[in-house]
K.L.:
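Before we start, here is the structure in question, set down as structure tokens.
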Amino acid sequence: MNSAVSPNPVGERVVRHVEYYIQGGDIVFRVENNLYRVHRYFFTRDSLYFQDKLPHPPPPGEFSKGTSDSNPFVLEDTLKVDFERFLWVFYNPQYSIYIASVEEWISILKLAHQWDFIEVKALALRELEELEIPALQKIITYHTYEVDRNLLLEAYTTLTVRDGPIEIEEGRQLGLETALLLARAREIVRKPVPGGKKSGNSSVNLAGPELDALIKDLFQLTLPDAAVERPSTPQTPTGRGT
């Protein structure tokens with residue numbers, strides 16, 4: 001996603017967000033043309049980034065960024081749709097129940113990674129692992145936000161054995177190294193292998209443990225031979241277990 005936006009488009013009035021301008025909040029953020037008044041606690045407790053960036057209480061007579069609507073803390077490289085999805089994690093009205101789409105969880109993952117929210121990132125990843133994500137999208141997302149690549153065994157395998165080749169645009173999105181590794185994997189699995197097991201696709205000559213071993217070797221995955229382990233269940237960002 002492209003997060004480069006003007007924090008206050010010319011001619012567009014800055015307004016208080018209808019849901020996330022909370023009267024009891026103690027920090028005011030501005031994202032695009034919206035003001036968000038929320039609780040500093042969530043940001044300074046969970047994020048090393050905001051522990052450093054958010055101002056400490058100012059000396060008497062001075063005003064720090066984020067203390068008022070006229071002096072907000074501006075998040076310049078953030079889209080309001082992403083920020084609203086991120087805030088939902090903390091202000092979700094359904095106690096410990098997080099139901100969202102792949103797109104919404106990717107927004108949350110993006111900002112959690114960008115701002116070093118370790119528990120929120122673990123939550124987003126856990127939820128994404130329970131959803132169906134196209135292999136290409138999953139690889140790009142997990143690479144972009146530095147997710148454990150051991151979780152991509154199935155996605156790498158899917159692009160390796162599919163009938164269609166890696167398209168030029170897909171290669172651009174994947175990056176040169178990953179595209180070349182996939183091309184190499186696709187070449188190897190289609191070579192005749194004496195005694196090799198064929199999958200349902202007649203052009204592919206490796207399957208099962210042999211195919212897994214190839215993908216692990218090419219992509220330097222460190223998985224055991226047993227099934228891939230899911231991410232451990234983190235605490236919820238409110239500090240309670242799910």
Side-chain angles (χ1 to χ4, degrees), residues 1-4 77 79 82 85 100-114 116 118 120-234:
M1 299 180 186
N2 181 7
S3 60
D77 296 323
L79 293 171
D82 291 335
R85 290 167 176 172
S101 67
V102 168
E103 181 183 9
E104 289 165 338
W105 282 119
I106 289 176
S107 286
I108 294 163
L109 177 68
K110 176 173 75 172
L111 294 187
H113 174 74
Q114 178 179 325
D116 295 325
I118 295 173
V120 178
K121 184 174 181 178
L123 171 66
L125 177 57
R126 184 195 71 195
E127 296 297 329
L128 283 169
E129 282 294 293
E130 297 298 324
L131 299 174
E132 291 293 330
I133 309 175
L136 180 69
Q137 182 184 18
K138 186 169 185 176
I139 293 170
I140 294 168
T141 298
Y142 282 28
H143 285 193
T144 300
Y145 304 123
E146 299 178 10
V147 172
D148 182 3
R149 296 195 180 190
N150 287 318
L151 297 171
L152 291 173
L153 174 64
E154 183 178 349
Y156 290 141
T157 302
T158 297
L159 293 189
T160 296
V161 302
R162 80 176 190 187
D163 288 338
I166 303 300
E167 302 292 343
I168 292 175
E169 181 57 32
E170 291 176 330
R172 290 196 184 102
Q173 295 177 63
L174 289 164
L176 179 61
E177 180 180 356
T178 302
L180 289 176
L181 287 172
L182 284 168
R184 177 60 176 155
R186 290 175 57 82
E187 177 185 5
I188 292 172
V189 300
R190 286 163 175 80
K191 286 183 177 179
V193 178
K197 297 178 181 178
K198 282 181 174 286
S199 71
N201 184 339
S202 60
S203 68
V204 174
N205 296 314
L206 286 181
E210 294 171 326
L211 179 57
D212 287 347
L214 171 67
I215 299 299
K216 290 176 188 178
D217 181 58
L218 281 177
F219 290 92
Q220 300 182 4
L221 307 182
T222 57
L223 289 165
D225 291 335
V228 179
E229 293 185 4
R230 296 291 187 182
S232 58
T233 301

K.L.:
Can you list everything that forms a salt bridge (charged side-chain N to carboxylate O under 4.0 Å, His left out) with Glu177? Sequence neighbours excluded, please.
P.N.:
none
K.L.:
Around atom CD of Gln220, are there more than 12 heavy atoms from other residues, nucleotides or ligands closer than 6.0 Å?
P.N.:
no
K.L.:
Taking only residues two or more places apart in sequence or in another chain, which ones pass salt bridge (charged side-chain N to carboxylate O under 4.0 Å, His left out) with Glu127?
P.N.:
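For Glu127, no residue satisfies salt bridge (charged side-chain N to carboxylate O under 4.0 Å, His left out) once neighbours in sequence are set aside.
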K.L.:
Please name the pair of heavy atoms, one in Ala124 and one in Trp105, separated by the smallest distance, quoted to 0.1 Å.
P.N.:
CA-CE3, 3.6 Å
K.L.:
How close do Val161 and Leu211 get, counting heavy atoms only, and between which atoms?
P.N.:
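Residues Val161 and Leu211, closest heavy atoms: CG1-CD2, 3.7 Å.
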K.L.:
Just checking, any donor-acceptor pair under 3.5 angstrom between side chains of Asp212 and Thr157?
P.N.:
no
K.L.:
So, taking the atom named CD in Glu154 and the one named CD1 in Ile139, what distance separates them when rounded to the nearest 0.5 Å?
P.N.:
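Here the rounded value is 10.5 Å.
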K.L.:
Kindly give the heavy-atom pair with the smallest separation between Ser101 and Leu131, and that separation in Å.
P.N.:
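Looking at all heavy atoms of both residues, the closest pair is C-CD1, 4.1 Å.
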K.L.:
Considering non-hydrogen atoms only, spot the tightest contact between Gly171 and Ile166 and give its length.
P.N.:
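Taking Gly171 first and Ile166 second, the nearest heavy atoms are N-CG2, 4.0 Å.
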K.L.:
Dump the intermediate steps for side chain to side chain contact (heavy atoms under 4.5 Å, CB included) on Leu125 and Leu151, then the final yes or no.
P.N.:
CA-CA 10 Å; Leu125 177 57; Leu151 297 171; 4.0 Å; yes
K.L.:
Is a salt bridge present between Glu169 and Arg172, judged by a nitrogen-to-oxygen distance below 4.0 Å?
P.N.:
yes
K.L.:
Once side chain to side chain donor-acceptor pair (under 3.5 Å) is applied, do any residues pair with Thr158, and if so which ones, sequence neighbours excluded?
P.N.:
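Partners of Thr158 by the side chain to side chain donor-acceptor pair (under 3.5 Å) criterion come out as none, since no residue qualifies.
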K.L.:
Tell me whether Ile118 at atom CD1 has more than 12 heavy atoms from other residues, nucleotides or ligands lying less than 6.0 Å away.
P.N.:
no
K.L.:
Could you give the distance from CD (Glu210) to CG (Asn205), rounded to the nearest 0.5 Å?
P.N.:
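Reported to 0.5 Å precision, the distance equals 10.5 Å.
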K.L.:
Looking at Glu170 and Arg162, is there a salt bridge between them, counting it only when a charged N and a carboxylate O are closer than 4.0 Å?
P.N.:
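Looking at Arg162 and Glu170, the cut-off is met.
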K.L.:
Nearest 0.5 Å, please: how far is OG1 in Thr141 from CG in Leu128?
P.N.:
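If I round to the nearest 0.5 Å, the distance is 7.5 Å.
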K.L.:
Taking salt bridge (charged side-chain N to carboxylate O under 4.0 Å, His left out) as the test, write out the residues that go with Glu146, two or more places apart.
P.N.:
none
K.L.:
Is there a side-chain contact between Arg149 and Tyr156, using heavy atoms and a 4.5 Å cut-off?
P.N.:
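Arg149 reaches Tyr156 side chain to side chain.
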K.L.:
Nearest 0.5 Å please: distance from the CG atom of Leu109 over to the NZ atom of Lys121.
P.N.:
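Taking CG in Leu109 and NZ in Lys121, the distance rounds to 6.5 Å.
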K.L.:
At what distance, to the nearest 0.5 angstrom, does CD1 of Ile140 lie from CD of Gln173?
P.N.:
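So the gap between those two atoms works out to 4.0 Å.
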K.L.:
What heavy-atom pair brings Leu214 and Ala185 nearest, and what distance separates the two atoms?
P.N.:
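Where Leu214 meets Ala185 most closely, the heavy atoms are CD2-O, 4.1 Å.
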K.L.:
Applying side chain to side chain contact (heavy atoms under 4.5 Å, CB included) to Lys138 and Glu129, what does each step give before you reach the verdict?
P.N.:
CA-CA 10 Å; Lys138 186 169 185 176; Glu129 282 294 293; 3.0 Å; yes
K.L.:
Would you please test His143 and Leu152 for side chain to side chain contact (heavy atoms under 4.5 Å, CB included) and show each step?
P.N.:
CA-CA 10 Å; His143 285 193; Leu152 291 173; 3.6 Å; yes
K.L.:
Is any side-chain heavy atom of Leu111 closer than 4.5 Å to one of Tyr145?
P.N.:
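When only atoms from C-beta onward are counted, Leu111 and Tyr145 do not touch, as no gap falls below 4.5 Å.
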K.L.:
Working to the nearest 0.5 angstrom, can you tell me the gap between Arg190 CZ and Leu206 CG?
P.N.:
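If I round to the nearest 0.5 Å, the distance is 10.5 Å.
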K.L.:
For Glu104 and Ser107, test the side chains for any donor-to-acceptor distance below 3.5 angstrom and give the result as yes or no.
P.N.:
no
K.L.:
Provide the full list of ring pair (Phe, Tyr, Trp, His ring centres under 6.0 Å) pairs with a residue in residues 164-192, sequence neighbours left out, each pair given once.
P.N.:
none
K.L.:
What do the steps show when you test Val102 against Gln137 for side chain to side chain contact (heavy atoms under 4.5 Å, CB included), and what is the final call?
P.N.:
CA-CA 10 Å; Val102 168; Gln137 182 184 18; 4.1 Å; yes
K.L.:
Please list, chain by chain and in numerical order, all residues satisfying ring pair (Phe, Tyr, Trp, His ring centres under 6.0 Å) with Tyr142, sequence neighbours excluded.
P.N.:
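Applying ring pair (Phe, Tyr, Trp, His ring centres under 6.0 Å) to Tyr142 gives none.
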K.L.:
Can you tell if the side chain of Ile106 reaches within under 4.5 Å of the side chain of Glu103, non-hydrogen atoms only?
P.N.:
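Heavy-atom side-chain distance check fails, nothing below 4.5 Å.
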